[in-house]
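Structure first, then comments.
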Amino acid sequence: MNTTAVQDVLVVGASRGLGEALVEEYAGRGAHVVATVRDDRPSPLLDFAGRNPGSVEVEHVDITDRERLAGLRDRLSARRFDLLWVVAGVSLADQQAVGVDIADDDFDLMMRTNVLGVMRAVETLQDLVDPEGTIAVMSSGQGSVADNTKGGFEVYRATKSALNQMFRSYAVRHRDDRRALLLMAPGWVKTELGGPNAVLGIEDSIPPLVDAVDAERGTPGLRYLDRFGKAVNW
Ligand SMILES: NC(=O)c1ccc[n+]([C@@H]2O[C@H](COP(=O)([O-])OP(=O)(O)OC[C@H]3O[C@@H](n4cnc5c(N)ncnc54)[C@H](OP(=O)(O)O)[C@@H]3O)[C@@H](O)[C@H]2O)c1
């Protein structure tokens with residue numbers, strides 16, 4: 001465990017919601033943050049970056065676009081980050097049963113974004129991360145196969161389980177790395193994706209989540225953790 005605060009953070013998928021809140025939290029703790037949006041539509045991130053030009057730099061990427069990911073890596077190739085946070089994700093058609101109601105395009109988009117896109121972001125951007133730094137990926141408690149006793153959110157759950165599995169394979173392939181590899185479950189939070197019935201506000205999730213990620217820095221290997229740093233069942 002490393003007790004000094006992170007200095008340089010790259011947050012992918014930060015236009016709004018949890019990603020944007022992470023940017024505010026790290027900037028508030030004194031870090032310099034490079035934060036990505038897909039485009040320059042007005043967003044909370046662009047507002048925040050406009051007010052904090054010294055601590056936040058805006059970059060552009062769509063994680064489903066391989067060439068744009070490579071372009072981001074090339075533009076940042078001279079930089080080193082203590083922490084790469086891949087936050088981007090989508091949830092469509094949450095309550096529908098897979099194989100019954102789901103539109104093929106919705107299924108494809110969720111898998112392409114939450115699994116392929118996130119893993120491609122990790123694979124493409126990993127070399128920008130300090131050899132003793134951290135790669136954190138936004139998973140979800142819904143990705144736990146063992147804890148799925150209530151059902152619901154079937155496709156979304158499956159995307160996060162698949163993401164966990166793929167990141168676990170990544171960790172096996174990189175078993176000699178000294179980086180901390182973290183799958184994080186932020187809790188059910190009120191955002192566009194979480195919806196208005198979520199039990200947590202952003203202020204309940206993000207500060208402990210950042211503390212939990214900080215606490216893992218310097219400890220190599222893979223963990224699947226909740227926002228308090230407690231292990232989640234696979
Ligand atoms: N909220 C919750 O309760 C909760 C719980 C567990 C896990 N999570 C996870 O936390 C992450 C953030 O969720 P949120 O609640 O903050 O959702 P949100 O408010 O809907 O934000 C989603 C973010 O992902 C970005 N994004 C989506 N597709 C992208 C792509 N192809 N390329 C780049 N960026 C993309 C969005 O950018 P645009 O503005 O361009 O669309 C937006 O910044 C997701 O991975 C989600 O699964 C959320």
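Counting starts at 1 for both ligands and their atoms, following the listed order.
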Any idea which atoms of ligand 1 are less than 4.0 Å away from a heavy-atom of Gly13? 43 (O)
Where's the contact between Thr113 and ligand 1, heavy-atom distance under 4.0 Å: side chain, backbone, both or neither? side chain
Looking only at heavy atoms, the pair that brings Ala212 and Met184 closest together is CB-CE, 4.0 Å
For atom 43 (O) of ligand 1, find the nearest protein heavy atom and state the residue, atom name and distance (0.1 Å precision). Ser15 OG, 2.7 Å
Have Asn164 and Ser139 got a donor and an acceptor in their side chains that come within less than 3.5 Å? yes
Return yes or no for this condition: an N or O of Lys160 is under 3.5 Å from an N or O of ligand 1. yes
For Gly141, does its backbone N or O pair with a side-chain atom of Ser144 as donor and acceptor, under 3.5 Å? no
Val61 to ligand 1, any heavy atom closer than 4.0 Å: yes
May I ask you to identify the nearest protein heavy atom to atom 4 (C) of ligand 1, giving residue, atom name and distance to one decimal place in Å? Gly187 O, 3.9 Å
Arg38 to ligand 1: N or O pair under 3.5 Å? yes
So which heavy atom in the protein is nearest atom 10 (O) of ligand 1, and how far is it from that ligand atom? Met138 CG, 3.1 Å
Which ligand 1 atoms, with their elements, are less than 4.0 angstrom from a heavy-atom of Glu192? 19 (O), 20 (O)
Sequence neighbours left out, what passes side-chain hydrogen bond (donor to acceptor under 3.5 Å, both in side chains) with Asp211? Give chain and number order. Arg29
Nearest non-hydrogen protein atom to atom 15 (O) of ligand 1, with distance, is Thr191 OG1, 2.5 Å
For atom 48 (C) of ligand 1, closest protein heavy-atom neighbour: Leu18 CD1, 3.7 Å
What's the shortest distance from atom 46 (C) of ligand 1 to any protein heavy atom, and which residue and atom give it? Tyr156 OH, 3.4 Å
For Asp130 and Arg80, the nearest pair of non-hydrogen atoms, with its separation, is N-CD, 4.4 Å
Sole residue of Val86, Leu125, Val61 in side-chain contact (heavy atoms from CB on, under 4.5 Å) with Thr36: Val61
Run the contact test for Ser205 against ligand 1 with a 4.0 Å cut-off on heavy atoms, strictly below, and give the result. no
Give the residue and atom name of whichever protein heavy atom lies nearest to atom 21 (O) of ligand 1, and the separation in Å to one decimal. Arg16 NH1, 3.6 Å
Report the residues that fulfil ring-ring contact (aromatic ring centres under 6.0 Å, His included) with Trp234, sequence neighbours left out, ordered by chain and then residue number. Tyr224
So for Pro186, does at least one of its heavy atoms come nearer than 4.0 angstrom to any atom of ligand 1? yes
Output yes when a side-chain donor or acceptor of Arg179 lies under 3.5 Å from a complementary backbone atom of Val129, and no otherwise. yes
Do any heavy atoms of Lys190 fall under 4.0 Å from ligand 1? no
Is Arg79 salt-bridged to Glu59, going by a charged N under 4.0 Å from an acidic O? no
Is Val87 touching ligand 1 with its side chain, its backbone, both, or neither, if touching means heavy atoms under 4.0 Å apart? both
Option with minimal heavy-atom separation from atom 1 (N) of ligand 1, where the choices are Ile63, Leu109, Val189, Thr36: Val189
Atoms of ligand 1 less than 4.0 Å from Thr64 heavy atoms? 31 (N)
Below 4.0 angstrom from a heavy atom of Trp188, which ligand 1 atoms are there? Numbered from 1 as shown, please. 3 (O)
Does any N or O in the side chain of Asp82 come within less than 3.5 Å of the main-chain N or O of Asp8, such that one atom is a donor and the other an acceptor? yes
With distance as the sole test, does Asn148 use its side chain to make a donor-acceptor pair with the main-chain N or O of Val145 at under 3.5 Å? no
Sub-3.5 Å donor-acceptor pair from the side chain of Asp106 to the main-chain atoms of Ile102, do we have one? no
Taking Arg157 for the side chain and Gly152 for the main chain, is one N or O donor matched with an acceptor at less than 3.5 Å? yes
Main-chain N/O of Ser15 paired to Arg38 side chain as donor or acceptor, under 3.5 Å: no
Suppose I only count heavy atoms of Val90 and a 4.0 Å limit; which atoms of ligand 1 are within that range? 27 (C), 28 (N)
Determine, considering heavy atoms only, which of Ala185, Gly89, Gly17, Gly19 sits nearest to atom 23 (C) of ligand 1. Gly89
Quick one: look up the protein heavy atom nearest atom 35 (C) of ligand 1 and list residue, atom name and how far away it is. Ala88 CB, 3.5 Å
Under 4.0 Å from one or more heavy atoms of Ser139, ligand 1 contributes atoms 6 (C), 7 (C)
